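Everything numeric here is computed off the predicted structure, so don't read it as measured data.
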Amino acid sequence: MGRIVDGLVKIISKTVETTKRVTAIKAADNGTLKVVINGDEERTYNHVINTVPLGAMQVMDMTELDLDYRKKLAIRRLQYDPAGKIDMKFKSR
């Protein structure tokens, strides 16, 4: 799966950062979002795409986002386990 991300990074024209641990996503001014990295570094973005599994989102602080009940329930109930993984098989490397 890492190779897919590496390939996408090569074709996206803007700077992409990977391997960052997001510890919180908070509401900021003017409808923007603050992303907290490793608990101390804050960055503000107009648009955030969060692609981590819902089970991993349980450890992120998102209390300031005012998520509705159904979204909170989905994050709380879904776990990251082998049943949630995707398997891809290729004929060659």
Walk me through whether K71 and M62 qualify under side chain to side chain contact (heavy atoms under 4.5 Å, CB included). CA-CA 11 Å; K71 289 180 182 135; M62 296 186 295; over 6 Å; no
Using every non-hydrogen atom in the two residues, find where [X] and [Y] come nearest and quote the distance to one decimal.
X   : Y   : answer
E64 : A27 : O-CB, 3.8 Å
L67 : K72 : O-CE, 3.1 Å
V48 : V35 : CG2-CG2, 3.9 Å
T44 : T32 : CG2-OG1, 3.4 Å
K26 : L65 : C-CD2, 3.9 Å

Is the CG atom of D68 crowded by more than 12 outside heavy atoms at less than 6.0 Å?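 Count over threshold, so yes.
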A quick test of your reading: do over 12 heavy atoms of other residues, nucleotides or ligands sit less than 6.0 Å from CG of D66? no
Got a second to check how far M60's CE is from I25's CD1, nearest 0.5 Å?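 That separation rounds to 5.5 Å.
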Quick one: pull up CG in D40 and CD in E42 and give me the separation to the nearest 0.5 Å. 9.5 Å
Residues R3 and D6 bridged, charged N to O under 4.0 Å: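 Answer for the salt bridge query: no.
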Linked, directly or transitively: V59 and I37 (ILVMFWY side chains, under 4.5 Å):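 Per the 4.5 Å side-chain linkage, V59 and I37 are not co-clustered.
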